[in-house]
A.B. asks: 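Below is the structure I would like to discuss, written out as structure tokens.
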Amino acid sequence: MTADNTKSTNAVTLDIDGLIATLTINRPEARNAMSIEILDGMHAAVDQVAKSDASVLVITGAGRAFSAGMDLKAVLIELSGDPDLGEALLTSLARLTLKIRDLRQVTVASVNGAAIGGGCGLTCVCDVTVSHADAKLGFPEVDLGICPAVIAPWVVKKLGAGVARKAMLMGGVMSGQEAFEIGLVDELADDQDGLAELADKIAQRLASGGPKALAATKHLLNELDGSLEEKMVLKGAKLSATVLATPEAQAALSARLKR
Amino acid sequence: MSTAPETTEQLINVELIDQVGVISLNRPDKRNAMVPAMLNQLNAAVLDTATKARALVLVGEGSVFCAGFDLKQCANDPSGELMRALLTGLSTCVRSMRAIEIPVVLGVRGAAVAGGCALLGGADVVIADEQAKLGYPVVKIGVSPAVSAAFMLASITPGAVRSRLLDTKLLSGIEAKKIGLVHETVDDPDSVRSRAIEIANTLAAKPGSGVRATKQWLNEICAPMSDRAQDGLDVSLGLTGSQEEQERLAALWG
């Protein structure tokens with residue numbers, strides 16, 4: 001990353017190198033959990049990419065995690081003291097997923113480590129997901145009494161409804177290898193060291209396509225699968241926030257954070 | 001149906017094991033072939049279990065989950081009335097499995113053929129033994145599997161739905177897992193029931209708020225597809241009693 005091409009907030013960095021833009025979620029000490037600060041930084045970075053001449057956007061995480069999902073400290077009311085913060089976060093995530101899907105650029109999620117809950121949902125919004133065999137991916141929301149409603153429409157589009165149903169109702173996490181087997185990951189490196197090279201190779205290959213051809217194809221695919229209809233995703237934010245505020249969910253979250 | 005002799009028989013078994021309701025098809029000497037009374041009992045049991053348990057398991061007694069409709073009886077009913085009752089009963093069961101708040105785990109031992117395979121459309125998690133046979137070979141008897149199409153489209157990819165409903169080939173458990181019709185396979189057929197109960201226990205132990213909301217939300221996301229279940233049933237019903245169906249059924253059983 002060269003200083004000249006780097007636009008960043010502290011929490012998110014954006015590097016645009018020719019046709020390839022790289023957005024890095026940069027809160028490794030918090031396993032890149034999505035706080036308001038990170039979501040704001042991602043919105044700004046994606047806006048920047050939309051205006052750029054890049055053909056490809058790679059999204060990855062700094063450190064050992066891709067993103068641990070929603071910032072649990074922010075959505076646990078007894079800690080945040082703000083019952084509305086959960087819905088604000090979820091609505092911001094919902095709008096971010098729509099913004100990423102609507103990008104003219106082809107998007108690649110390079111899953112360097114844990115991609116959990118909303119973090120895993122973010123990978124499903126991207127056009128291509130690459131990872132490595134030892135990464136951890138999954139949707140453990142139900143284990144915490146909450147509902148992955150914002151990302152569910154994207155997971156269904158990525159995996160097909162039946163496999164998505166099993167993955168989201170059973171909860172837990174799976175290895176990169178298992179994620180590859182169910183189609184959550186499209187290409188798999190042997191280990192984390194090999195991932196950067198694989199992601200770069202795929203980004204270069206995607207960037208070799210005609211920008212207009214790529215954009216037209218992506219737009220058609222978005223229209224065919226209803227990606228641009230924002231109603232379900234935004235409704236998902238409301239639903240997820242409602243479930244999140246129930247005593248059962250708050251108790252399960254509290255128990256998890258104290259573990 | 002009240003005059004049919006089998007209504008007094010118990011064609012399904014229902015058991016509550018801790019927080020899991022286990023329903024099993026109970027006509028093992030007929031490979032659990034479906035008759036209207038079985039489907040009526042199944043639907044009632046599904047709806048009732050949803051009020052008592054936190055997860056539901058559906059399996060079959062004996063070595064075969066379900067061989068589909070009892071075609072021998074259909075072959076002896078030129079009016080098509082029996083076939084209509086079976087198709088309607090099947091569609092009702094699948095819709096109920098999907099609509100109830102609690103998750104449904106279905107375990108296929110041996111085979112899930114035709115109407116038996118259609119029950120998979122209502123399940124949230126499907127397991128099968130590796131050598132189980134699964135498929136919808138009903139066009140060869142002049143019956144349309146359209147009744148299952150909406151549910152299959154809300155489960156596996158549209159390309160896979162097309163080949164599965166039109167091609168009479170049966171898939172093994174392993175092959176069915178590759179197309180997402182089955183989520184997990186076990187190597188020992190004897191362990192299908194216990195593994196299905198184990199998965200259901202895992203689901204039952206999760207906080208209900210998240211599981212209920214997530215199942216309901218997935219149903220809503222898939223509604224554009226599954227809301228067309230009635231259209232599919234109508235297409236299947238439209239062929240009942242046809243000459244083609246009667247000739248082909250008679251050739252099998254007449």
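We name chains A, B, ... by the order of the sequence lines, and we start the count at 1 in each one.
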A.B. asks: At a heavy-atom separation under 4.5 Å, does B:A123 approach chain A through its side chain, its backbone, both, or neither?
C.D. replies: backbone

A.B. asks: Measuring heavy-atom distances to chain B, does A:L144 have an atom under 4.5 Å in its side chain, in its backbone, in both, or in neither?
C.D. replies: backbone

A.B. asks: Compare every heavy atom of B:A213 with every heavy atom of A:L239, then report the nearest pair and how far apart it is.
C.D. replies: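 Residues A:L239 and B:A213, closest heavy atoms: CD2-O, 4.5 Å.
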
A.B. asks: Anything under 3.5 Å between chain A and chain B that's a donor-acceptor pair? List each one with its distance, please.
C.D. replies:
{"residue": "A:D143", "atom": "OD1", "partner": "B:K206", "partner atom": "NZ", "Å": "2.3"}
{"residue": "A:G145", "atom": "O", "partner": "B:S209", "partner atom": "OG", "Å": "2.6"}
{"residue": "A:G145", "atom": "O", "partner": "B:G210", "partner atom": "N", "Å": "3.2"}
{"residue": "A:A149", "atom": "O", "partner": "B:W217", "partner atom": "NE1", "Å": "2.8"}
{"residue": "A:G162", "atom": "N", "partner": "B:S155", "partner atom": "O", "Å": "2.8"}
{"residue": "A:G162", "atom": "O", "partner": "B:H183", "partner atom": "NE2", "Å": "3.1"}
{"residue": "A:R165", "atom": "NH1", "partner": "B:D124", "partner atom": "OD1", "Å": "2.7"}
{"residue": "A:R165", "atom": "NH1", "partner": "B:N219", "partner atom": "OD1", "Å": "3.2"}
{"residue": "A:R165", "atom": "NH2", "partner": "B:N219", "partner atom": "OD1", "Å": "2.8"}
{"residue": "A:M170", "atom": "O", "partner": "B:K206", "partner atom": "NZ", "Å": "2.9"}
{"residue": "A:K235", "atom": "NZ", "partner": "B:E220", "partner atom": "OE2", "Å": "2.2"}
{"residue": "A:E248", "atom": "OE1", "partner": "B:S209", "partner atom": "N", "Å": "3.1"}
{"residue": "A:E248", "atom": "OE2", "partner": "B:G208", "partner atom": "N", "Å": "3.0"}

A.B. asks: How about A:R101: does its CZ atom have over 12 heavy atoms from other parts shown lying under 6.0 Å from it?
C.D. replies: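 Counting other residues, nucleotides and ligands, CZ of A:R101 exceeds 12 neighbours.
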
A.B. asks: Using non-hydrogen atoms and a 4.5 Å limit, figure out which bit of B:L218 sits close to chain A: side chain, backbone, both or neither.
C.D. replies: both

A.B. asks: So do the side chains of A:L169 and B:V125 get within less than 4.5 Å of each other, counting heavy atoms only?
C.D. replies: no

A.B. asks: Where do A:C147 and B:G210 come nearest, in terms of heavy atoms and distance?
C.D. replies: CB-O, 4.4 Å

A.B. asks: Measure A:V156 against the heavy atoms of chain B and call it side chain, backbone, both or neither at under 4.5 Å.
C.D. replies: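 Side chain of A:V156 only, per the 4.5 Å heavy-atom cut-off to chain B.
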
A.B. asks: For A:A152 and B:I221, work out which heavy atoms get closest and say how close.
C.D. replies: CB-CD1, 3.6 Å

